[in-house]
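A short worksheet on the structure shown next.
Note on naming: letters A, B, ... go to the chains in the order of the sequence lines (proteins, then strands), and numbering restarts at 1 for each one.
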Amino acid sequence: MRLATFNVNSVRQRAGHVRRFLERQQPDLLFLQETRCRAEEFPRLEFEALGYRAHAVGQPGGRNGVAVLARVPFAVVAEALPGDAADGQARYLEIVAEGGLRAACLYLPNGNSGGEEGLAYKLRWMDRLLDLAEARLDAFMPFALLGDFNVCPTEEDLAPGALAPTDALVHPEARARFRALLFFGLTDALRALHPHDRLYTYWDYGPAFEENRGLRIDHILLGPDLAERLSGCGVDVAPRAEPQPSDHAPVWCTLR
DNA sequence: ATGGCAGGGTGGCCCTGA
């Protein structure tokens, strides 16, 4: 089984990139972030033609937005992070796939805009994510978190000097919460198989990609039973090298 | 150490992203 996550920075602009990724990598489940359209505007037909069923969560105003594309049967179990006081932000989608795999797609708040309150919102969102991860792991079900976490977990996860030390993506409190997810028993799939490789999932528009000045902020975290089945994981940089790309590249993993 | 990009919505610029 293959899982993948891709921040597309507008799915309507990037439908071709997604289609080519599906054809090349053949994931069973692909989670999208920053779809930036309402659910009814999601270009589902483009993907249904390839055998993928879509479910999108959107919001008015062209911001945020998450979705799943699946070629295995699935049920949607949540369209908001539990504890979310109905703030209307489309950042979370949780499904149960055929066979019992429970997987959540998340688009964590960036935390750099909106001043102190913007950062506080990010940290509160991570607190709720910690509560959720704890509950799911306590329930002993095959569980995975995939998405744009907007956190560089360690100094190995960004090009030197790529961010100011005060940036919300490297904020000590955000990093501490990411580590707490790992302490609960989730495995960072990419680092489990590639502990010290220079691996990034985001490069700013401009010369950053060809200079490989990037960030690793898109992650796949696996519960214990899924981590035991992990046989491969990587960043697919091909979509980032295509014309008119997203600023992110997809991350995928394969489970035995 | 930022917006010099890029996308979207609104209205003929502003906000957000990271």
Report which part of the nucleic acid [X] touches: base, sugar-phosphate, or nothing (heavy-atom distance under 4.0 Å, all strands).
{"X": "A:His171", "answer": "nothing"}
{"X": "A:Asn7", "answer": "sugar-phosphate"}
{"X": "A:Arg14", "answer": "sugar-phosphate"}
{"X": "A:Asp167", "answer": "nothing"}
{"X": "A:Gln244", "answer": "nothing"}
{"X": "A:Gly206", "answer": "nothing"}
{"X": "A:Asp148", "answer": "sugar-phosphate"}

Is the base of B:dG17 touched by the side chain of A:Asp247 through a donor-acceptor pair closer than 3.5 angstrom?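 It does not, because no donor-acceptor pair links the side chain of A:Asp247 to the base of B:dG17 below 3.5 Å.
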Hey, does the Lys NZ or Arg CZ of A:Arg53 hover above the aromatic six-ring of A:Phe74, less than 6.0 Å from the centre and inside 45° of the axis?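 Yes, A:Arg53 sits over the ring of A:Phe74.
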Could you state the atom-to-atom distance from [atom1] of [X] to [atom2] of [N] in whole Å?
{"X": "A:Phe149", "N": "B:dA18", "atom1": "CZ", "atom2": "C1'", "result": "16 Å"}
{"X": "A:Gln13", "N": "B:dC5", "atom1": "CD", "atom2": "C1'", "result": "14 Å"}
{"X": "A:Trp203", "N": "B:dA6", "atom1": "CH2", "atom2": "C1'", "result": "17 Å"}
{"X": "A:Arg175", "N": "B:dA18", "atom1": "CZ", "atom2": "P", "result": "17 Å"}

Would you say a side-chain N or O of [X] is under 4.0 Å from OP1 or OP2 of [N]?
{"X": "A:Tyr107", "N": "B:dA18", "result": "yes"}
{"X": "A:Asn150", "N": "B:dA18", "result": "yes"}
{"X": "A:His248", "N": "B:dA18", "result": "yes"}
{"X": "A:Ser113", "N": "B:dG17", "result": "yes"}

I want to verify a distance call: between [options], whose nearest atom is closest to the [X] side chain?
{"X": "A:Asn112", "options": "B:dA1, B:dA6, B:dA18", "answer": "B:dA18"}
{"X": "A:Ile217", "options": "B:dA18, B:dA6, B:dG9", "answer": "B:dA18"}
{"X": "A:Ala164", "options": "B:dA1, B:dG3, B:dG17", "answer": "B:dA1"}
{"X": "A:Asn110", "options": "B:dG7, B:dA18, B:dG3", "answer": "B:dA18"}
{"X": "A:Arg36", "options": "B:dG8, B:dA18, B:dG17", "answer": "B:dG8"}

Taking all non-hydrogen atoms of both residues, which atom of A:Gln59 and which atom of A:Gln89 are closest, and how far apart?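 Shortest heavy-atom separation between A:Gln59 and A:Gln89 comes out as OE1-CA, 3.1 Å.
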Closest non-hydrogen atoms of A:Phe42 and A:Leu32, given as atom of the first, atom of the second and distance, are CZ-CD1, 3.9 Å
[Y] and [X], any side-chain heavy atoms less than 4.5 Å apart:
{"X": "A:Lys122", "Y": "A:Asn110", "answer": "no"}
{"X": "A:Ile95", "Y": "A:His55", "answer": "no"}
{"X": "A:Glu34", "Y": "A:Ser246", "answer": "no"}

Detail all sub-3.5 Å separations between protein N/O atoms and N/O atoms belonging to nucleotides 10-15 of chain B.
none

Salt bridge (charged side-chain N to carboxylate O under 4.0 Å, His left out): which pairs involve residues 179-203 of chain A, sequence neighbours left out? A:Asp157-A:Arg191, A:Asp188-A:Arg216
Between the side chains of A:Asn64 and A:Arg36, is a donor N or O closer than 3.5 angstrom to an acceptor N or O? no
